Each structure stands twice: as structure tokens, then as C-alpha cells.
Amino acid sequence: MTTLFTSYRFGGLTLPNRVVMAPMTRVRAAAGGLATPSMAAYYAQRATAGLIVSEGVQPSEIGQSNPGTPGLHTDEQVAAWRPVTEAVHANGGRIFAQIMHGGRVSHPDTTGRQPVGPSAVPAVGDVFTPTGPQPAPMPRALDTAEVPEHARSYAEAARRAIDAGFDGVELHGANGYLISQFLSSNANLRTDRYGGQVANRIRFAVEATAAVVEAVGGARTGIRLSPGGEFWGVRETDVPQLYTALLTELAALDLAYVHLEGTADEDLLVALRRTWPGTLVMNPTLPMGPKQTGRDDADHWLGLGADLISFGRAFLANPDLVERLRGGLPIAPADEATYYEGGDAGYLTYPTHQYAA
């Protein structure tokens, strides 16, 4: 019988359990987008997860969304990540880098450049900047000839990720960032081959993923998606058709996994599970929603056909989350005030459960 603690094999990796640490922004990188010793300690503390997916890592300067986030587009960044991956591996873990191009969800005060997107339509809400939240600016619409360059940026970052010691990469195709913007029907108003009908709106996602597969192999490539999600003001029409078409195209690439967020109703998510022939990672609860994923959610989705279950906020305050889930122990709450404030408080200071000798 499959449980959360049954081993699982995919992409040449054997996971000791089916618990995935979901990607979570922590804005603890040093100047220049460099990973730090504290980041190495943070991920190593959580290495009992079957798989860790890192925080979003920008593939280029213009792809940076938030200040204080790490990159994978310079040699210095690659070198800074190596102690992180080495620490995770030394503790017996496995780690994928999430590659995240912010697209229109950025600000000139962060990158020094006007953000880009599929169309000149700003995101809804305030974006983070070095001086605090500011209204999302107007992005510059990418010319048709420029779009492939941004698709290839994921592949270039993927090569650097493998060089830095990551076991693979996850494209961030969710939550209103660049891939999600192209999938959208209100952030993407294009009339060229990247906009309009479903076959065109999925094109950027497929091209970016195919480029990564060509660079590092399908066994080292996953993608995260949020069907029907409305992050940063994105809307999607024809959601079942859109994601059925996308997963059908991605199936030909023989990916390591698809990572779905619980942003659509259960019937649709189950239908997408049937469409996707490969490994499915399921994140059952909404990011930043009122509820965090628990053991009951995990068991429910394993019963519905998911192979792996990702946990986000529960991993923040519980570096030993796998052991707590296994033993039915209390899941400590995280301090939201320290999510993004920097430093080691609320980052490295959460204790493990005091287990009996």
C-alpha cells in the first residue's frame, strides 16, 4: 500500500519518502544574487524530505522579481550554490532548483530595467522593491523575435544549476510569473504565434521546457503549474482545455514530474492527473492561503493518484517535518513576520521536536 513514507523512484533518483519541500521565497541571498552559508544550513536542515525544491532562482537580471533573491546566471552564483547542494547531499538529501522568471512581476528599482511580459499589461497589486512595496509598473511587451531568448534563459540557468550540483530543475510555470503570464488570457493579449488560441498560449511554456530538456535531460526537468490560479491578476480562459493541451504537449518531453497546485476544483485536478502520464507532485493547498498542507491532505491526494506531495509553510517552522508527519506529532506554526525580513531569525532558529531517547 502506498503511503507518504513509501520510497519512490524517478529520474534516476530514489526518494526515501514522498514528501517534497515546496519552493518558497525567503529573500536571504547576498548582494549579486549569491547563495549564502545560512542558505546551505537552511536546506540541509530539511534534507530528510524526499525531494527539496529550492526557492525561485532568477535565470537572468531582467528575470529577477524580488530583491534579495538568488540567481543562476553568473559564474559567481554557481560557485555560491555549490556549498548549498553539497550540504544537502551530505545530509542525504536531493535538491532541484526552481527557475523563476518574474516577467512583469518586477520593478526597475530592483533590476534597473523595465520589466518585460507578453503584453503591455501591468500586474495587479504592489511588488516588492528595495525601498518597500510599490505599484506594479507597466511592462514592455516582448517582440516576437525576443521571446525565444527568454525561453532559452531557463535552459541556460538549468545548465548552471547542474554545474552547481543540483539534481535537477523545476520551471516555475505558476503563480502569475512569466510562463503563467503567457498562459493567461488577460496578461497575454498577443496576436502573434504566442497569443490568442490555446495552442499559441501554451507555446512559450512548451518551448521553455523543451529547451531545458535539451540542456539537461527530461529526467532532470520538472515544471510547476497553477491551473486557474489568479495570482498577480492573471486570468485564464478555457482552463480545462488549456492545461489538457499543455500537459499533452509536455508528455512528449518525458519530464521528471509535473507539480500542480490546488488552484482548481478537485474534479479538474483529477482529470489532469489522468491526462498526465508521468510523475505527479501535488501541492494540495493554496499558497499563502489560510490552511497549510497536513497529513490528511497528503493521504487524500495519494489516494487520488498523486505520486508525491509537496508541503510549503509546514516546512518553514518544522525542519524535521518528515519525522513529525511520520509520528503524528504537532506541526509548529511559522512566524509570518520573519518570512522575508532577512537574517537567521525565523530561518535557522526553528527547533526540531524533542524526541525521546
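What you are looking at is a predicted structure, and each value in this text was computed from that prediction instead of being measured.
Through side-chain heavy atoms spaced under 4.5 Å, either directly or across other Ile, Leu, Val, Met, Phe, Trp or Tyr residues, L51 is tied to Y8, F10, L13, L15, V20, V53, F96, Y257, V281, L308. Counting side-chain heavy-atom gaps under 4.5 Å among Ile, Leu, Val, Met, Phe, Trp and Tyr, the cluster of V121 also holds L189.
Side-chain atoms of E55 and Y43 form a donor-acceptor pair, as typed in the model, at a separation below 3.5 Å. For the residue pair T69 / Q58, a side-chain donor-acceptor distance below 3.5 Å is found, with atom types taken as modelled. At a cut-off of 3.5 Å, with distance as the only test, a side-chain donor of R324 or N318 sits close to an acceptor on the other residue. Side chains of Q98 and H259: a donor-acceptor N/O pair is absent below 3.5 angstrom, by distance only. Side-chain contact of H353 with E323: a donor-acceptor pair under 3.5 Å is absent, judged by distance alone. Between the side chains of R26 and Y340, no donor-acceptor pair of N or O atoms lies under 3.5 Å.
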- Task: Walk me through it: do I52 and R94 pass the test side-chain contact (heavy atoms from CB on, under 4.5 Å)?
- Result: CA-CA 6 Å; I52 293 171; R94 296 136 299 276; over 6 Å; no
- Message: Walk me through whether R140 and E146 qualify under salt bridge (charged side-chain N to carboxylate O under 4.0 Å, His left out).
- Response: CA-CA 12 Å; R140 180 179 65 80; E146 292 180 282; 2.9 Å; yes
- Message: What verdict does the side-chain contact (heavy atoms from CB on, under 4.5 Å) test give for N66 and T25, after you've listed the backbone C-alpha separation in whole Å, the side-chain angles of each residue and the deciding distance to 0.1 Å?
- Response: CA-CA 9 Å; N66 302 314; T25 299; 4.0 Å; yes
- Determine, step by step, whether N175 and M100 satisfy the side-chain contact (heavy atoms from CB on, under 4.5 Å) criterion, reporting the C-alpha distance in whole Å, the side-chain angles of both residues, the deciding distance to 0.1 Å, and the verdict. CA-CA 10 Å; N175 298 12; M100 172 182 154; over 6 Å; no
- Task: With salt bridge (charged side-chain N to carboxylate O under 4.0 Å, His left out) as the test, would you mind laying out the steps for R160 and D75 before giving the verdict?
- Result: CA-CA 8 Å; R160 290 185 179 276; D75 292 344; 2.9 Å; yes
- Message: Determine whether R82 and D163 satisfy the following criterion, salt bridge (charged side-chain N to carboxylate O under 4.0 Å, His left out), listing intermediate values before the conclusion.
- Response: CA-CA 8 Å; R82 286 190 184 123; D163 190 22; 3.2 Å; yes
- Is there a side-chain contact (heavy atoms from CB on, under 4.5 Å) between L142 and V116 once you walk through the steps? CA-CA 6 Å; L142 290 166; V116 297; 3.7 Å; yes
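Looking only at side-chain heavy atoms (C-beta outward), F311 and M24 stay at 4.5 Å or farther from each other. At a threshold of 4.5 Å between non-hydrogen side-chain atoms, the residues V57 and W81 count as touching. At least one side-chain heavy atom of L302 sits less than 4.5 Å from a side-chain heavy atom of I309. The side-chain heavy atoms of P23 and S54, taken from C-beta on, include no pair separated by under 4.5 Å. Within the 4.5 Å cutoff, the side chain of P130 has heavy atoms near those of the T110 side chain. In this structure, the side chains of V124 and E230 stay at 4.5 Å or more apart for every pair of heavy atoms. Two residues are said to be in side-chain contact when any heavy atoms from C-beta on lie closer than 4.5 Å; Y42 and V84 fail this criterion. Side-chain contact between S60 and H101: present, with at least one pair of heavy atoms (C-beta onward) separated by less than 4.5 Å.
Identified under the side-chain hydrogen bond (donor to acceptor under 3.5 Å, both in side chains) test for residues 116-139, with sequence neighbours left out: H107-Q134, D109-Q134, T129-T131, T129-Q134, T131-Q134.
Taking all atoms of both residues into account, the shortest heavy-atom contact from V169 to A161 is CG1-CB, 3.6 Å.
Taken from CG in L272 to CG in D267, the straight-line distance is 11.0 Å, to the nearest 0.5 Å. Here L304 contributes atom CG and M282 contributes atom CE; the two are 9.0 Å apart, rounded to the nearest 0.5 Å. Note that CD of E149 is 8.5 Å distant from CD1 of I62, once rounded to the nearest 0.5 Å. The line from CG of N188 to CZ of R203 is 11.5 Å long, rounded to the nearest 0.5 Å. Note that CZ of F166 and NE2 of H89 are 9.0 Å apart. Values are rounded to the nearest 0.5 Å.
Partners of T293 under the side chain to side chain donor-acceptor pair (under 3.5 Å) rule, at least two apart in sequence or in another chain, are T285. With sequence neighbours left out, the side chain to side chain donor-acceptor pair (under 3.5 Å) criterion links Y194 to E207. Under the rule for a side chain to side chain donor-acceptor pair (under 3.5 Å), the partners of T144 that lie at least two apart in sequence or sit in another chain are D192. The side chain to side chain donor-acceptor pair (under 3.5 Å) check on R18 picks up nothing, with sequence neighbours excluded. For P122, the side chain to side chain contact (heavy atoms under 4.5 Å, CB included) test picks out M138, P139, with sequence neighbours left out. The side chain to side chain contact (heavy atoms under 4.5 Å, CB included) search around R295 returns L4, F5, D299, L325, not counting sequence neighbours. Taking the side chain to side chain contact (heavy atoms under 4.5 Å, CB included) definition, one finds that A174 meets it with H172, R224, S226, E261, sequence neighbours left out. Applying the side chain to side chain contact (heavy atoms under 4.5 Å, CB included) criterion to A123, with sequence neighbours excluded, gives R104, V105, A136, W232.
N17 contributes a side-chain N or O that, together with a main-chain N or O of T48, makes up a donor-acceptor pair within less than 3.5 Å. Side-chain atoms of S184 never come within 3.5 Å of backbone atoms of S180 as a donor-acceptor pair (strictly under, hydrogens ignored). With hydrogens and angles ignored, the 3.5 Å screen pairs no side-chain donor or acceptor of N283 with any backbone N or O of L260. Between the side chain of Q77 and the main chain of H73, a donor-acceptor pair closer than 3.5 Å is present. Side-chain atoms of W276 come within 3.5 Å of backbone atoms of T279 as a donor-acceptor pair (strictly under, hydrogens ignored). For the pair T349 (side chain) and A345 (backbone), a donor-acceptor distance under 3.5 Å is absent. Under a 3.5 Å cut-off, the side chain of T36 and the backbone N or O of A29 do not form any donor-acceptor pair. For R235 (side chain) and S185 (main-chain N/O), no donor-acceptor pair under 3.5 Å exists by modelled atom type. Under a 3.5 Å cut-off, the side chain of D335 and the backbone N or O of A337 do form a donor-acceptor pair. R273 contributes no side-chain N or O that, together with a main-chain N or O of L269, makes up a donor-acceptor pair within less than 3.5 Å.
Note: Y154 and F204 have perpendicular aromatic rings, judged against thresholds of 30 and 60 degrees for the angle between ring planes.
When the shell of 6.0 Å around CD of E86 is examined, it contains more than 12 heavy atoms from other residues, nucleotides or ligands. By the 6.0 Å contact criterion, CD on Q114 is enclosed, its count of non-hydrogen atoms from other residues, nucleotides or ligands being greater than 12.
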Could you tabulate the donor-acceptor pairs under 3.5 Å formed by side-chain atoms of residues 239-253, not counting sequence neighbours?
unit_1, atom_1, unit_2, atom_2, d
Y243, OH, E236, OE1, 3.4
Y243, OH, E236, OE2, 2.7
T244, OG1, P240, O, 2.7
T248, OG1, T244, O, 2.7

